[in-house]
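This report concerns only the one structure given below.
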2 protein chains.
Amino acid sequence: MTKNKLKEVAMRLFGEKGYEGTALSEIAKEVGVKTPAIYAFFENKEDLFMTVFREAMQSYNTYIQELSEEQKVLSAQESLRGILSRQYEFYQKSPEASKIVLRYVVFPPAFLKETIEEAFLESDAMLTKSIEQFISKGMEEGVIRDQSVQLLADAFLNLMDGLSMQYFYYTSKGIYERKLNHAFEMYWKGASS
Amino acid sequence: MTKNKLKEVAMRLFGEKGYEGTALSEIAKEVGVKTPAIYAFFENKEDLFMTVFREAMQSYNTYIQELSEEQKVLSAQESLRGILSRQYEFYQKSPEASKIVLRYVVFPPAFLKETIEEAFLESDAMLTKSIEQFISKGMEEGVIRDQSVQLLADAFLNLMDGLSMQYFYYTSKGIYERKLNHAFEMYWKGASS
DNA sequence: CCTACCGATCGGTAGG
DNA sequence: CCTACCGATCGGTAGG
């Protein structure tokens, strides 16, 4: 399917070289078609971009959200730690999707700033909710110290954001894993009873 | 001075719209000259970009580093918290410099990936050193629990990275400040004796 | 999905 | 710092 190949290549190139840094001719060439072929499947460049961006965001959300349901048996500590592992897995499994999501959530091109902001806020709200549930559960069970849930959730989201950035600029797997472990270890010290 | 105006406008536009998303003609127009005038001051587009990127990175480093010297009288807690305030101040004071630094440290264009990586690693090492000093001091004074300095430093750097990202996608000042305060509060709970 | 094509704009140079 | 200019490439269309 040419359409899927186009989306695949577009996602990688947009993520790596940016929207303006990627020519439709490059995408077409890698797929093995001529540039005008793209217009048989997508309205224009913006449409192609938004399509792959949405799919990337969607697959990230789904991947993180699945865990929230899977792991309801686990302890609060394991669940929170599980979110971090899950995020890390997604980065490794789908580096193209990860890159385009991070890149354009932080630096949206002007023409779709609002659209992206909406999509992000929705995803952020969902994630926050899951995290707050894990935290509340942990507090009820007495493994998390009784304190503001918002405080704990904000700090955890900050931790996740930090790890997102670090994944992309620390190229070494070993260093990244140490950072991840250390960040969570410290978090847990502050959170646990 | 036309050269300074060119750098100023270039920094802002490169930060906002990206390298490929910014045409030399736009920069020239805002400054009030014609495109070829740029070549009287810079070799080419890459040279202009690297010049402003370097200056932005430099001013960030200097701003953060100055604090390390200023605040030697402060407690460990105040010093660490001071780094976060200082970073926040820089974002507010120099949004253009901040944006271009963050953008290109995480997503360098291919032609200067190595140069930027070097610059970043040097800056990262400096910052790590300052943080480790504050932590060690805190441990000696007994306000920070006796534990691995690397653990504490990694978690603190993670916190700073998270705040960097969040500054750019949470547009509300109030929310950002809450996130900052919460992130540090949790950090300090895990770190302190 | 292709060939043929186009207007607009890009970074950049010559010569002053 | 400007005018005049250029080759290359961009996103996109017509017509099949």
Side-chain angles (χ1 to χ4, degrees), chain A residues 1-56 96 100 103-104 107-116, chain B residues 1-56 96 100 103-104 107-116:
Chain A
M1 266 224 107
T2 302
K3 187 171 182 177
N4 284 331
K5 273 206 231 164
L6 283 170
K7 289 198 285 187
E8 217 175 279
V9 172
M11 195 183 288
R12 176 163 44 78
L13 293 183
F14 283 144
E16 270 170 20
K17 318 180 27 160
Y19 179 78
E20 287 93 351
T22 304
L24 292 180
S25 58
E26 284 181 86
I27 298 172
K29 194 172 185 179
E30 256 196 59
V31 171
V33 297
K34 301 293 175 184
T35 307
I38 293 174
Y39 291 84
F41 304 103
F42 304 94
E43 273 185 31
N44 49 33
K45 192 182 181 183
E46 291 187 12
D47 180 37
L48 172 57
F49 177 83
M50 269 313 291
T51 302
V52 300
F53 176 80
R54 261 189 235 281
E55 287 188 13
E96 309 80 15
I100 201 174
R103 179 170 205 142
Y104 290 102
F107 301 107
F111 71 89
L112 38 79
K113 184 158 191 167
E114 285 170 34
T115 316
I116 288 187
Chain B
M1 266 222 110
T2 301
K3 187 172 183 178
N4 284 331
K5 275 206 230 165
L6 283 169
K7 289 199 284 187
E8 219 175 276
V9 172
M11 195 183 288
R12 176 164 45 79
L13 292 182
F14 284 143
E16 271 170 20
K17 320 181 22 158
Y19 179 78
E20 287 92 353
T22 304
L24 292 180
S25 58
E26 284 181 85
I27 299 172
K29 193 172 185 181
E30 255 196 58
V31 172
V33 297
K34 302 292 176 185
T35 307
I38 294 174
Y39 293 83
F41 304 103
F42 304 94
E43 274 185 30
N44 49 34
K45 193 181 181 183
E46 292 188 11
D47 179 36
L48 172 57
F49 177 83
M50 269 312 293
T51 302
V52 299
F53 177 80
R54 261 190 235 282
E55 287 187 14
E96 310 79 15
I100 202 174
R103 179 171 206 140
Y104 290 102
F107 302 107
F111 72 87
L112 39 78
K113 185 159 190 165
E114 286 170 35
T115 316
I116 286 188

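Remember, predicted model here, so these are calculated numbers, not experimental data.
Contact annotation: the side chain of B/Phe49 approaches that of B/Ile100 to within less than 4.5 Å [non-hydrogen atoms, C-beta and beyond]. Side-chain atoms of A/Ile27 and A/Phe14, non-hydrogen and from C-beta on, do get closer than 4.5 Å to each other. In this structure the side chain of B/Glu30 reaches within 4.5 angstrom of the side chain of B/Arg12, judged on heavy atoms. Contact of the B/Glu55 side chain with the B/Val52 side chain is not registered, since no non-hydrogen atoms from C-beta on lie closer than 4.5 Å.
A/Phe42 comes within 4.0 angstrom of no nucleic acid atom, judged by non-hydrogen atoms across all strands. At the heavy-atom level, B/Ala40 lies under 4.0 Å from base atoms of the strands shown.
Here D/dG12 presents its P atom at 10 Å from CD1 of A/Ile38, a figure rounded to the nearest Å. Computed from coordinates, the A/Phe49 CZ to D/dG12 P distance equals 14 Å when rounded to whole Å. One atom, CD of B/Glu43, and another, P of C/dG12, lie 10 Å apart when rounded to the nearest Å. As rounded to whole Å, 11 Å separates atom P of D/dG11 from atom CG of A/Leu48. The distance from atom CG of B/Asn44 to atom P of D/dA8 is 18 Å, rounded to the nearest whole Å. Between the OH atom of A/Tyr39 and the C1' atom of D/dG16 there is a distance of 19 Å, rounded to whole Å. Between the C1' atom of D/dC10 and the CD atom of A/Glu46 lies a distance of 14 Å, rounded to the nearest Å.
Annotation: side-chain contact (heavy atoms from CB on, under 4.5 Å) contacts of B/Lys5 (sequence neighbours excluded): B/Val31. For B/Lys17, the salt bridge (charged side-chain N to carboxylate O under 4.0 Å, His left out) partners at least two apart in sequence or on another chain are B/Glu26. Residues that satisfy the side-chain contact (heavy atoms from CB on, under 4.5 Å) test with B/Arg103, not counting sequence neighbours, are A/Phe107.
Across residues 10-36 of chain B, B/Val33, B/Lys34, B/Pro36 each have a non-hydrogen atom less than 4.0 Å from an atom of DNA chain D (numbered order).
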### Summary
Under the rule of Watson-Crick or G-U wobble with both distances under 3.5 Å, where | means paired to another strand and [ ] a crossing pair, DNA chain C maps to ||||||||||||||||
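Between A/Tyr104 and A/Pro109, the shortest heavy-atom distance links the atoms CD2-CD, 3.4 Å.
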Donor-acceptor contacts under 3.5 Å from residues 38-46 of chain A side chains, at least two apart:
residue, atom, partner, partner atom, Å
A/Asn44, OD1, A/Glu46, N, 3.2
A/Asn44, OD1, A/Asp47, N, 2.9
A/Lys45, NZ, A/Tyr19, O, 2.9
A/Lys45, NZ, A/Thr22, O, 2.9

